[in-house]
Amino acid sequence: MLSNKRIQELELVMEFEKVEECFKEVSSWIENVGRKQLKETINLDDSLEMLLQAQKQFREFDLIASEYCRRGQEALKKMDRWEDFSSVDVHAYRVKLQTYKDQLEEFCTQLDENRHRICETVRLYEFFDKVRQGICCMEEGVKS
């Protein structure tokens, strides 16, 4: 039984090394591109026109970022079996795996929050724009 468990652990290590390339690519993109792009969307402009432009740019970024999130999540799913193993040899790989998982979850959560915030801000600005137009039309009607 110990021999079988050890063989399974070695197989997991070999599998991890294959999947780790994907983790490294996703992690590198998150750190070098993704986080910087998310920071740029923190300060939204004050006009509806500029906000719509920012939303368009964010959507383009969101497509790419969502693909990296999906790839990272798929790679993590391949490693679900790690939770069953607790040997010292596997521990270092579990730590790496948890680091990748935490980074990916944090980034995907921030991406979702920014997507929602931008969408809600655009809706709010569109509402205020309609209200402003309505007030202008009423003022013109009163002047006539």
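The first residue in the sequence is number 1, and the count goes up from there.
Counting only distance, with no hydrogens or angles, the side chain of D129 and the backbone of Y125 share no donor-acceptor pair below 3.5 Å. The backbone N or O of F127 sits nowhere less than 3.5 Å from a side-chain atom of R132 that would complete a donor-acceptor pair.
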Open item on the list: Please evaluate residues K78 and E74 with respect to the criterion salt bridge (Lys or Arg N to Asp or Glu O under 4.0 Å), reporting the C-alpha separation (whole Å), side-chain torsions for both, the decisive distance (0.1 Å), and the verdict.
Closed with: CA-CA 7 Å; K78 291 178 183 178; E74 285 178 2; over 6 Å; no

- [ ] I would like to know whether C119 and R123 meet side chain to side chain contact (heavy atoms under 4.5 Å, CB included); could you show each step before the answer?
- [x] CA-CA 6 Å; C119 182; R123 286 179 50 204; 4.3 Å; yes

- [ ] Output, in order, the C-alpha distance, side-chain angles, deciding distance and verdict of side chain to side chain contact (heavy atoms under 4.5 Å, CB included) for M79 and Y100.
- [x] CA-CA 11 Å; M79 304 311 299; Y100 289 130; over 6 Å; no

Open item on the list: Checking K24 against S27 for the side chain to side chain contact (heavy atoms under 4.5 Å, CB included) test, could you report, in this order, the C-alpha distance in whole Å, the side-chain angles of both residues, the deciding distance, and whether it holds?
Closed with: CA-CA 5 Å; K24 284 181 179 179; S27 178; 5.7 Å; no

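To the nearest 0.5 Å, atom CG of residue D112 and atom SG of residue C108 are 7.0 Å apart. If you take CD on E120 and NE2 on H116, they are separated by 4.5 Å, rounding to the nearest 0.5 Å. With rounding to the nearest 0.5 angstrom, the NZ atom of K101 is 10.5 Å from the CZ atom of F23. For the atom pair R35 CZ and I30 CD1, the distance stands at 6.5 Å (nearest 0.5 Å). The CG atom of L38 sits 4.5 Å away from the CZ atom of F107 when rounded to the nearest 0.5 Å. A distance of 7.5 Å separates CD in Q133 from SG in C136, rounded to the nearest 0.5 Å.
A salt bridge links K96 with E20: the distance from a Lys NZ or Arg NE/NH1/NH2 to an Asp or Glu carboxylate oxygen falls below 4.0 Å. A salt bridge links R71 and E25; the closest N-O separation between the charged side-chain nitrogens and carboxylate oxygens is under 4.0 Å.
Between L97 and L76, some side-chain heavy-atom pair lies under the 4.5 Å cut-off. No side-chain heavy atom of E67 sits under 4.5 Å from any side-chain heavy atom of L63. Taking the side chain as every heavy atom from C-beta outward, Q37 and I64 never approach each other to under 4.5 Å.
When all heavy atoms are compared, the tightest approach of C69 to L111 is SG-CD2, 4.2 Å.
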Side-chain donor-acceptor pairs under 3.5 Å in residues 51-62, sequence neighbours left out?
unit_1	atom_1	unit_2	atom_2	d
D62	OD1	S66	OG	3.1
D62	OD1	R115	NE	3.4
D62	OD1	R115	NH2	2.8
D62	OD2	R115	NE	2.7

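Relative ring orientation between W29 and Y68 is described as parallel, the plane-to-plane angle staying below 30° on a 0-90° scale split at 30° and 60°.
When only modelled atom types and interatomic distance are considered, Q98 and D102 share a side-chain donor-acceptor pair under 3.5 Å.
In the hydrophobic cluster analysis, where Ile, Leu, Val, Met, Phe, Trp and Tyr join through side-chain heavy atoms closer than 4.5 angstrom, L124 is grouped together with V131.
Partners of E40 by salt bridge (Lys or Arg N to Asp or Glu O under 4.0 Å), not counting sequence neighbours: none found.
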